[in-house]
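Accompanying notes for the structure given below.
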Amino acid sequence: TDLVLSGPIPVNDSGGIFSIQDSFIHLGTLRHKDTSVRHPIDARIMAASRAFGALGHLFQSRWARPDTKRRAYVGAVLPVLLFGCESWNCDVACLQRLAVFHNGCMRRMSGYSRDQRNTSISLLRRYRLQPIECYLRRRQLRWLGAIARMPLSRLPRRMFNAFPITNATDNHHQPPR
């Protein structure tokens, strides 16, 4: 079920009013009221595109070795692209958008146009890169591992182990044991 709010929410503490925003930045990540990941991914792609463009002289150089380009891409562009991805719930369309950006960056690094018949897999091999989903899932699993190692007193661990409280008469939704 989706929670849909509209209009101001009165607050009893100090008499203030919260207004509903279409989007806002929370901890450096764009959040939108429809809770889809499309908006933060679009923002991350734009930021990564700027980072890639700032290093364009390196990526478009004929004289830079592929290993140098790979290190710059993995060290400067991918972290910008995947910032905050640990909280993304990506569907196929989201992964496709990220893959289009990732493959486009590899094509620009290699100097190939889309008309030249080089597959994305051959470009991945040339630069010794992995598909974008591997980088995304690795970061998500790293975060889950960090949560699993946290003591139970930490809030992320408590939230990860939380379950909804249900009505006592409802036997269908018992908490996991």
Side-chain angles (χ1 to χ4, degrees), residues 2-3 21-150 154-157 159-162:
D2 292 336
L3 177 64
Q21 301 294 319
D22 287 338
S23 62
F24 60 94
I25 294 179
H26 178 256
L27 299 176
T29 302
L30 181 70
R31 302 292 182 188
H32 199 266
K33 74 176 183 181
D34 69 1
T35 68
S36 75
V37 297
R38 182 175 52 91
H39 303 288
I41 287 176
D42 289 345
R44 299 316 315 158
I45 288 174
M46 283 184 7
S49 180
R50 287 192 299 268
F52 188 86
L55 295 170
H57 63 282
L58 171 68
F59 292 133
Q60 294 173 357
S61 171
R62 294 169 155 222
W63 309 110
R65 295 185 342 215
D67 187 56
T68 305
K69 292 179 181 183
R70 178 185 62 84
R71 288 174 187 248
Y73 180 73
V74 170
V77 178
L78 279 182
V80 173
L81 177 65
L82 297 177
F83 178 79
C85 72
E86 295 83 2
S87 65
W88 295 349
N89 184 16
C90 287
D91 56 0
V92 175
C94 151
L95 290 173
Q96 182 66 27
R97 290 182 53 76
L98 291 169
V100 165
F101 176 79
H102 185 57
N103 295 338
C105 287
M106 285 188 298
R107 288 195 182 281
R108 285 191 294 273
M109 284 192 291
S110 65
Y112 294 138
S113 68
R114 294 183 73 180
D115 297 334
Q116 293 172 309
R117 298 283 182 191
N118 290 309
T119 63
S120 297
I121 294 171
S122 67
L123 292 175
L124 286 171
R125 286 189 190 128
R126 177 180 180 184
Y127 289 104
R128 295 185 304 132
L129 291 170
Q130 297 174 349
I132 194 67
E133 187 175 3
C134 292
Y135 293 106
L136 175 76
R137 300 296 183 218
R138 184 180 302 139
R139 288 179 67 129
Q140 290 174 334
L141 287 172
R142 187 179 301 138
W143 174 240
L144 288 175
I147 290 175
R149 291 186 298 275
M150 286 179 185
R154 297 275 313 272
L155 182 61
R157 176 70 186 267
M159 292 301 293
F160 186 71
N161 291 340

A quick test of your reading: do over 12 heavy atoms of other residues, nucleotides or ligands sit less than 6.0 Å from [atom1] of [X]?
| X | atom1 | result |
| --- | --- | --- |
| Ile121 | CD1 | no |
| Arg137 | CZ | yes |
| Asn89 | CG | no |

Value rounded to 0.5 Å, distance of [atom1] in [X] from [atom2] in [Y]:
| X | Y | atom1 | atom2 | answer |
| --- | --- | --- | --- | --- |
| Cys105 | Leu123 | SG | CG | 11.5 Å |
| Arg65 | Arg71 | CZ | CZ | 8.0 Å |
| Met106 | Leu124 | CE | CG | 4.0 Å |
| Tyr127 | Met109 | OH | CE | 5.5 Å |

Does any non-hydrogen side-chain atom of [Y] lie less than 4.5 Å from one of [X]?
| X | Y | answer |
| --- | --- | --- |
| Arg128 | Val74 | no |
| Arg44 | Trp88 | yes |
| Tyr73 | His102 | yes |

| message | Exactly one of Leu81, Leu95, Leu98 should register a side-chain contact (heavy atoms from CB on, under 4.5 Å) with Ile41. Which one does? | response | Leu98

| query | Looking at Leu144, Leu78, Leu82, which one forms a side-chain contact (heavy atoms from CB on, under 4.5 Å) with Arg139? | reply |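 For Arg139, the side-chain contact (heavy atoms from CB on, under 4.5 Å) test succeeds with only one of Leu144, Leu78, Leu82, which is Leu82.
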
| query | For Leu136 and Cys90, which heavy atoms make the closest approach, and how far apart are they? | reply |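 Nearest heavy atoms, Leu136 then Cys90: CD2-SG, 3.8 Å.
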
| Atom of Ser110, atom of Arg126 and distance for their closest heavy-atom approach |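 Reported closest heavy-atom pair: CB-NH1, 3.4 Å.
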
| said: Determine whether a donor-acceptor pair (N or O, by modelled atom type, separation under 3.5 Å) exists between the side chain of Gln140 and the backbone of Cys85. | reply: yes

Using atom types as modelled, flag every donor-acceptor pair under 3.5 Å from a side chain in residues 48-61 to any protein atom, sequence neighbours excluded.
| unit_1 | atom_1 | unit_2 | atom_2 | d |
| --- | --- | --- | --- | --- |
| Ser61 | OG | Trp63 | N | 3.1 |
| Ser61 | OG | Ala64 | N | 3.3 |

| Residue list, salt bridge (Lys or Arg N to Asp or Glu O under 4.0 Å) with Asp42, at least two apart or on another chain | Arg97

